[in-house]
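Presented below is the structure to which this report refers.
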Amino acid sequence: MPYPCAPWTLKGRAVQTLHPIDTRRVRSLVPSDLAIVEIFPGKTVGGVYCAKYGSGSTLLYNELIVVSGLVRHRMQFGAWISHIYVDHPDSVAGGREIWGLPKELAEFTWEKDDRDRVMVRQGDRLLCSLDFSLKTFRFPMPFSFPSFSTLGSNLLLFPGELTSHIGLVDSRLVIPPESPFSMLNLSNPWLTFSCEDLRLVAGAPKVVQERATATPYAPA
């Protein structure tokens, strides 16, 4: 299946939640050669990211990313993406074959009335729904976030460079028990941000460790 080479430039809008997550809930999702970074005892940090990429993007698609924790390999830090869903088959193929990400297909519905809302489903199963409304003014802000992944027997690290107008929003996140990432207990965000005029560049990965055998993991 054809897909663009890295880097990918993605433009549009997104919403991002931040949560403290129990480290014990995350350990089975993270390869054993990555240390989970705790922000205070027993807690790492993660969140849910929903985006709609439009005109000017390498590919036009919607995306749901679940970051289940902050991790470390030696002195390199990054996010661990345990679940990721998109609605474009080329994005699935590129995500898996370039970045080693466990992308799956899903359906996205964006709505707007008095609040914004996005719902993500796989067939009849609701993965999550997130509604939000602006609380503060938005400010232009650049942000860098490296992420780890695995591809075959290699541990990878890849850069993400984001610029956007970012503002705090009031949000309500619903993750039903049948969702594959419900075990992370993400229903009550610390903070939620909206990102308008977003530009995200997902860079090519580099190998940070060649492992004798891959440490398997599977989204629950």
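All values below were derived from every heavy atom in this structure, side-chain atoms included, with hydrogens, water molecules and symmetry-related copies excluded. These numbers come from a predicted model, not from an experiment.
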Take a 6.0 Å sphere around CZ of Phe40 and say whether it holds more than 12 heavy atoms from other residues, nucleotides or ligands. yes
Between Arg138 and Ser194, is any side-chain donor less than 3.5 angstrom from a side-chain acceptor? yes
Are Glu111 and Arg117 close enough, and set up right, to give a salt bridge (charged side-chain N to carboxylate O under 4.0 Å, His left out), and what steps lead you there? CA-CA 5 Å; Glu111 300 175 347; Arg117 181 178 299 107; 3.1 Å; yes
Is it the case that more than 12 heavy atoms not belonging to Arg96 sit under 6.0 Å from its CZ atom? yes
Side chain of His19, backbone of Leu186: donor and acceptor closer than 3.5 Å? yes
Do other residues, nucleotides or ligands put more than 12 heavy atoms under 6.0 Å from Arg172 CZ? no
The side-chain contact (heavy atoms from CB on, under 4.5 Å) partner of Thr44 among Ile36, Asp22, Ile39, Val71 is Ile36
Walk me through it: do Glu107 and Gln122 pass the test side-chain hydrogen bond (donor to acceptor under 3.5 Å, both in side chains)? CA-CA 6 Å; Glu107 302 83 45; Gln122 281 187 316; over 6 Å; no
Would Ser55 and Lys11 count as a side-chain hydrogen bond (donor to acceptor under 3.5 Å, both in side chains) here? Give the steps. CA-CA 7 Å; Ser55 177; Lys11 298 181 179 181; over 6 Å; no
Does any N or O in the side chain of Asn154 come within less than 3.5 Å of the main-chain N or O of Leu156, such that one atom is a donor and the other an acceptor? no
Ion pair check, Glu196 and Arg13, cut-off under 4.0 Å: yes
Using the six-membered ring wherever Trp is involved, compare the ring planes of Phe181 and Tyr85 and label them parallel, tilted or perpendicular (cut-offs 30° and 60°). tilted
Residues Asp131 and Arg115 bridged, charged N to O under 4.0 Å: yes
Polar side-chain atom of Thr17 near backbone of Val48 as donor-acceptor pair, under 3.5 Å: yes
Should the heavy atoms of other residues, nucleotides or ligands under 6.0 Å from CG of Asn188 be counted, would the total exceed 12? no
Determine the interplanar angle of the Tyr53 and Tyr49 rings, folded into 0 to 90°, and report it as parallel if under 30°, tilted if 30 to 60°, perpendicular if over 60°. tilted
May I ask you to decide if His88's main-chain N or O and Ser91's side chain share a donor-acceptor pair within less than 3.5 Å? no
Identify whether the distance between the nearest side-chain nitrogen and carboxylate oxygen of Glu63 and Lys52 falls below 4.0 Å. no
